[in-house]
Amino acid sequence: MYDRILIRFGDLTLKGKNQQEFVRKLYSLLEEKLEGLNVVIEKKHDHAYVILGNSDYKVVLNRLDLVAGIHSYSLVKKISRDLEELKKEALIYINEEVKEKTTFKVETKRADKSFPYTSMEVSKIISAHLLKNTDFLEADLHHPKFVLKIEIRNDGIYLYNNQIRGLGGYPTGIAGKGLLMLSGGIDSPVAGFLAMKQGVEIECIHFESTPLTSIESAQKVIDLVKIIAKFAPNSKIVLHMVPFKAIHMSLLEKIPESYNITIMRRMMYRIASKVANKNNDLVLINGESIGQVASQTLQSMATINEVTNIPVIRPLATYDKLDIISIARKIGTFNISIKPFEDCCTIYVPKAPATAPKAYKARKYEENFAYEELIDEAVSNTKSIVISKDMDLDLAMYGLEVGEAINEYNKIK
Ligand code: ATP
Ligand code: MG
């Protein structure tokens with residue numbers, strides 16, 4: 001019965017040029033995510049219609065949930081601007097939508113004032129008509145269970161009742177670009193998603209320690225990027241794979257056990273900052289959440305953070321783990337994240353990591369560790385790869401080291 005979806009845009013309190021940019025970006029995402037479906041997008045300046053044609057609206061709705069910046073949407077029926085037609089169609093609509101006794105009201109908006117009845121009059125006429133011709137409705141102006149919405153515009157009358165929340169936020173890309181530190185865990189993909197939802201285009205960086213860790217742990221990261229790439233412009237995200245084994249081994253040998261994690265994370269921040277600078281990423285993004293583990297106490301964050309002056313965005317800083325998991329399930333990363341392959345943070349976990357590591361101690365321990373060279377080497381041996389949502393890359397298939405496998409893949413692509 002629906003022939004279109006009305007899409008309402010997000011935060012249009014933005015002014016002037018920003019607003020135009022918002023709408024432009026949103027349309028470009030919308031067009032891309034609906035590609036391949038037999039639908040037409042009707043563009044207005046603060047809302048849009050997707051004309052369904054013969055497409056299944058459920059398929060279309062799933063695609064709309066990939067577009068950040070959409071505030072809400074409604075399934076809509078469009079009819080001609082005629083009161084008799086409206087009466088007839090409103091009755092069909094209510095008979096289809098309402099199956100049992102319910103309270104209801106009619107709400108009319110008249111965007112086009114040339115229509116010969118006021119909003120009030122239309123609501124009254126239609127309510128009376130519906131009450132007279134059905135036996136399951138009871139009028140309730142204050143707390144109705146069902147609201148039939150009528151919008152009178154100059155090109156027709158629109159009927160709907162539902163309003164489904166969209167992703168909200170801002171169109172991905174409008175805020176600029178950031179570098180997501182992506183592990184194989186539950187948190188960082190969710191952090192990446194939240195950043196994208198807030199308008200940030202992301203690239204990803206992963207520190208891999210194969211063969212200390214398994215090749216599957218690197219594969220997991222690729223598989224996670226494929227999932228979150230669905231939300232990205234063009235459904236593509238660049239992944240920078242950093243060979244981390246040398247630094248990893250060296251610090252296990254040279255740094256007191258209780259500071260292993262602290263120094264390891266300082267090295268990650270240093271490398272990520274260099275890679276971010278090289279690629280014009282304005283911020284670092286990670287999945288840290290206050291208090292979750294030893295390395296995420298405030299003292300620990302401060303000690304780790306001091307090695308960079310790039311802003312670090314932590315979308316999950318204040319999130320509860322259960323809320324993080326529920327987002328991970330919704331976006332489809334959870335089942336990949338919980339696959340049991342160790343990564344560099346789970347291997348050789350110190351028995352008693354410092355929960356309040358001090359920056360001056362970290363600095364002192366780093367003095368007998370020639371990390372600058374190792375870092376430069378890691379950065380120059382970093383392999384970058386464009387991951388798209390439906391690419392088919394199986395690292396193990398190459399029987400090579402991770403970096404070499406990526407090289408090979410990039411060559412044949
Ligand atoms: P996650 O579930 O995202 O792995 P976590 O709770 O396991 O998080 P940590 O292992 O302490 O937390 O890591 C904190 C953050 O540091 C991660 O969310 C991620 O952003 C980043 N990080 C950790 N390990 C790596 C890695 N190997 N490569 C890139 N980033 C990493
Ligand atoms: Mg982790």
Side-chain angles (χ1 to χ4, degrees), residues 178-195 202-210 212-222 224-225 227-228 237-245 247-248 251 260-276 281 283-298 300-301 303-305 307-308 310 312-317 319-325 327-329 331 333-350 353-355 357 378-379 382-383 402:
L179 184 62
L180 171 69
M181 301 166 74
L182 182 66
S183 69
I186 296 169
D187 303 327
S188 41
V190 173
F193 162 73
L194 291 175
I202 61 169
E203 297 190 351
C204 297
I205 184 169
H206 177 69
F207 303 93
E208 63 90 7
S209 294
T210 53
L212 285 183
T213 54
S214 64
I215 194 134
E216 284 89 350
S217 67
Q219 181 68 40
K220 226 173 121 174
V221 172
I222 288 171
L224 286 170
V225 180
I227 303 267
I228 57 175
I237 292 179
V238 175
L239 168 66
H240 304 286
M241 195 65 105
V242 183
F244 199 61
K245 189 191 77 178
I247 294 176
H248 197 159
L251 70 87
N260 273 348
I261 301 254
T262 307
I263 307 287
M264 172 148 77
R265 301 194 55 72
R266 283 165 64 100
M267 297 304 160
M268 288 183 180
Y269 270 48
R270 287 186 173 108
I271 295 171
S273 303
K274 291 200 174 196
V275 172
D281 300 314
V283 296
L284 300 181
I285 301 155
N286 67 37
E288 290 172 347
S289 182
I290 298 168
Q292 212 184 71
V293 289
S295 65
Q296 296 174 29
T297 61
L298 291 184
S300 181
M301 281 189 195
T303 294
I304 292 163
N305 208 141
V307 303
T308 184
I310 299 183
V312 181
I313 309 286
R314 299 176 175 83
L316 302 179
Y319 273 49
D320 189 274
K321 190 79 188 188
L322 290 177
D323 294 330
I324 299 173
I325 288 175
I327 300 175
R329 284 187 196 280
I331 62 176
T333 53
F334 185 74
N335 285 336
I336 298 175
S337 292
I338 57 173
K339 286 187 182 169
F341 300 113
E342 75 287 352
D343 69 3
C344 65
C345 291
T346 44
I347 185 170
Y348 306 128
V349 179
T355 52
V379 171
T382 292
K383 300 284 183 266
V402 171

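We count ligands from 1, going down the list as the structure has it; atoms in each ligand are counted the same way.
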Can you check whether [X] has an N/O within less than 3.5 Å of an N/O in ligand 1?
{"X": "Met268", "answer": "no"}
{"X": "Phe207", "answer": "yes"}
{"X": "Gly184", "answer": "no"}

(Q) Applying side chain to side chain donor-acceptor pair (under 3.5 Å), can you list everything that pairs with Gln296, at least two apart in sequence or on another chain? (A)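 Partners of Gln296 under the side chain to side chain donor-acceptor pair (under 3.5 Å) test: none.
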Contact atoms of ligand 1, heavy-atom distance to [X] under 4.0 Å:
{"X": "Asn286", "value": "20 (O)"}
{"X": "Gln296", "value": "6 (O), 9 (P), 11 (O), 12 (O), 13 (O), 14 (C)"}
{"X": "Ile205", "value": "29 (C)"}
{"X": "Arg265", "value": "13 (O), 14 (C), 15 (C), 16 (O), 21 (C), 22 (N), 23 (C)"}

Kindly indicate whether the side chain of [X], heavy atoms from C-beta on, has any atom under 4.5 Å from the side chain of [Y].
{"X": "Pro189", "Y": "Leu182", "value": "yes"}
{"X": "Met301", "Y": "Arg314", "value": "yes"}
{"X": "Thr303", "Y": "Arg266", "value": "yes"}

Q: Evaluate the side-chain hydrogen bond (donor to acceptor under 3.5 Å, both in side chains) criterion for residues Asn286 and Arg265: first the C-alpha distance (whole Å), next the side-chain angles of each, then the deciding distance (0.1 Å), finally the verdict.
A: CA-CA 12 Å; Asn286 67 37; Arg265 301 194 55 72; 5.7 Å; no
Q: Report the part of Leu182 (side chain from C-beta onward, or backbone N, CA, C, O) that has a heavy atom under 4.0 Å from ligand 1; answer both or neither where that applies.
A: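 The answer is the backbone of Leu182.
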(Q) Going by the closest heavy atom to atom 18 (O) of ligand 1, which one wins out of Gly287, Pro189, Ala191? (A)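 Considering heavy atoms of Gly287, Pro189, Ala191, the nearest to atom 18 (O) of ligand 1 sits in Gly287.
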Q) Is there a side-chain hydrogen bond (donor to acceptor under 3.5 Å, both in side chains) between Tyr319 and Asp187 once you walk through the steps? A) CA-CA 10 Å; Tyr319 273 49; Asp187 303 327; over 6 Å; no
Q | Sequence-distant partners of Lys274, salt bridge (Lys or Arg N to Asp or Glu O under 4.0 Å), two or more places apart | A |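 Scan of Lys274 (salt bridge (Lys or Arg N to Asp or Glu O under 4.0 Å), adjacent residues dropped) gives Asp376.
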